[in-house]
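Lettering of chains follows the sequences in order, A, B, ..., and the numbering in each one begins at 1.
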2 protein chains.
Amino acid sequence: MAKLDIKSLGIDFEHISNILKPLSHPHRLEMIIGLFHNGCTVTQCQERMGLPQSTISQHLRVLKDAGILKGRRKGTEVCYEVIDPFALQIIDLVEKK
Amino acid sequence: MAKLDIKSLGIDFEHISNILKPLSHPHRLEMIIGLFHNGCTVTQCQERMGLPQSTISQHLRVLKDAGILKGRRKGTEVCYEVIDPFALQIIDLVEKK
DNA sequence: TACCAATATTCTTATATCCATATATTTAGA
DNA sequence: TCTAAATATATGGATATAAGAATATTGGTA
């Protein structure tokens with residue numbers, strides 16, 4: 001029986017790990033799931049996670065640079081939301097786990 | 001409308017990122033998916049990926065230490081297989097993508 | 001036991017990540 | 001325009017990760 005060559009699957013491993021890597025940090029994972037449930041602003045993240053503001057901002061930036069989040073300004077606040085479909089699928093798995 | 005506290009979800013973020021992190025490397029991702037399609041031994045990985053044997057072994061060790069893989073010895077060879085259910089779900093997503 | 005193939009480990013260097021402190025930027029409102 | 005609140009960026013030190021070369025181990029077989 002001939003095996004299916006993995007290359008024929010046409011998977012872009014670089015791209016996928018560019019999504020997975022930012023998600024694979026406990027703080028970022030908690031932050032991103034918290035966006036749905038407990039508010040999407042930096043300050044709200046900061047309050048529930050108990051981390052310095054700059055640390056929160058930096059984690060959000062990693063997620064934004066990866067194309068996972070985008071920020072929407074409302075006055076002085078920025079509300080972050082998940083925009084990457086694959087990331088959404090992962091988050092779904094995590095929540096069901 | 002009262003928001004659901006994220007803590008009530010009881011998600012173990014540390015544990016999840018301990019699975020996600022090892023998966024979030026392009027070589028390891030390719031390796032682990034190749035296990036299904038193109039052989040599960042170190043040598044087979046090595047041949048299809050074109051990396052030094054020690055590099056392959058080290059990546060497999062990371063995955064094994066995380067509890068994602070286990071190795072089954074057959075004589076002089078070791079056949080690796082995925083044993084973590086969450087990892088299997090991720091792999092499933094990746095293949096369907 | 002001696003040897004070979006397959007796999008694992010050690011060691012080393014280079015690079016990346018994490019996270020806190022301090023500082024800058026942006027926006028709204030007086 | 002001055003100020004305060006929210007967010008972003010710069011910097012630096014500690015730690016972690018990546019990967020290849022060299023070496024060690026394990027298992028089968030003569």
Could you identify which residues of residues 22-48 of chain A place a heavy atom less than 4.0 Å from some atom of DNA chain C, listed by residue number, or say none?
->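 Those residues whose heavy atoms fall under 4.0 Å from DNA chain C, taken from residues 22-48 of chain A in numerical order, are A:H25, A:H27, A:R28.
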Covered region of DNA chain D, 5' end to 3' end, by chain B [heavy atoms, under 4.0 Å] =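 That gives a stretch of D:dT17 to D:dG28.
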At under 4.0 Å, does any side-chain N or O of B:Y80 touch on OP1 or OP2 of C:dA8?
->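 So the side-chain polar atoms of B:Y80 do come within 4.0 Å of the phosphate oxygens OP1 or OP2 of C:dA8, strictly under.
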Please produce a list of atom pairs where a protein N or O lies less than 3.5 Å from an N or O of nucleotides 21-30 of chain C.
| residue | atom | partner | partner atom | Å |
| --- | --- | --- | --- | --- |
| C:dT21 | O4 | A:S54 | OG | 2.9 |

Are B:L63 and B:I83 co-members of a hydrophobic cluster defined by side-chain heavy atoms under 4.5 Å apart?
->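 No, B:I83 and B:L63 fall in different hydrophobic clusters.
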Could you state whether A:F86 and A:V94 fall into the same hydrophobic cluster, counting links through intermediate Ile, Leu, Val, Met, Phe, Trp or Tyr residues with side-chain heavy atoms under 4.5 angstrom apart?
->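 The answer is yes; both residues are in one hydrophobic cluster.
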Applying side chain to side chain donor-acceptor pair (under 3.5 Å), name anything that partners B:Q53, two or more places apart in sequence or on another chain.
->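 Side chain to side chain donor-acceptor pair (under 3.5 Å) list for B:Q53, sorted by chain: B:S57.
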Could you tell me the separation between the [atom1] atom of [X] and the [atom2] atom of [N], rounded to a whole number of Å?
X     : N      : atom1 : atom2 : result
A:H59 : C:dT17 : NE2   : P     : 12 Å
B:L63 : C:dA8  : CG    : C1'   : 15 Å
A:R61 : C:dA20 : CZ    : P     : 18 Å
B:E14 : C:dC18 : CD    : P     : 12 Å

First encountered from the 5' end of DNA chain C, between A:K21 and A:L51 =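 Closest to the 5' end, via its nearest nucleotide, is A:K21.
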Which residue, A:V62 or B:E77, contacts DNA chain C at a nucleotide closer to its 5' end, judged by nearest heavy atom?
->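 So the residue in question is B:E77.
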For residues 13-22 of chain A, run the donor-acceptor check on the side chains, cut-off 3.5 Å, and write out each pair with its distance to 0.1 Å, sequence neighbours left out.
| residue | atom | partner | partner atom | Å |
| --- | --- | --- | --- | --- |
| A:S17 | OG | A:F13 | O | 3.1 |
| A:S17 | OG | A:E14 | O | 3.1 |
| A:N18 | ND2 | A:E14 | O | 3.3 |

Are side-chain heavy atoms of A:L4 and B:F36 found at a separation under 4.5 Å?
->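 No; the side chains remain at least 4.5 Å from each other.
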Would you say the side chain of A:L9 lies within less than 4.5 Å of the side chain of B:H37, judging by non-hydrogen atoms?
->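 Yes - at least one pair of side-chain heavy atoms lies under 4.5 Å apart.
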Can you pull the disulfide bond (SG atoms under 2.5 Å apart) pairs that have at least one residue in residues 56-97 of chain A, sequence neighbours excluded?
->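 Only A:C40-A:C79 qualify under disulfide bond (SG atoms under 2.5 Å apart).
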Look at the aromatic rings of B:H27 and B:H59 and report parallel, tilted or perpendicular, splitting at 30° and 60°.
->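 Perpendicular.
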Output yes when a side-chain donor or acceptor of B:Q58 lies under 3.5 Å from a complementary backbone atom of B:S54, and no otherwise.
->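 Yes: the side chain of B:Q58 pairs with the backbone of B:S54.
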Heavy-atom pair with the smallest gap, counting every atom of B:R48 and B:M31 =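 So the minimum-distance heavy-atom pair works out to NH2-O, 3.6 Å.
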What residue among A:V78, A:T55, A:L69 forms side chain to side chain contact (heavy atoms under 4.5 Å, CB included) with A:L60?
->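 Answer to the side chain to side chain contact (heavy atoms under 4.5 Å, CB included) test with A:L60 among A:V78, A:T55, A:L69: A:L69.
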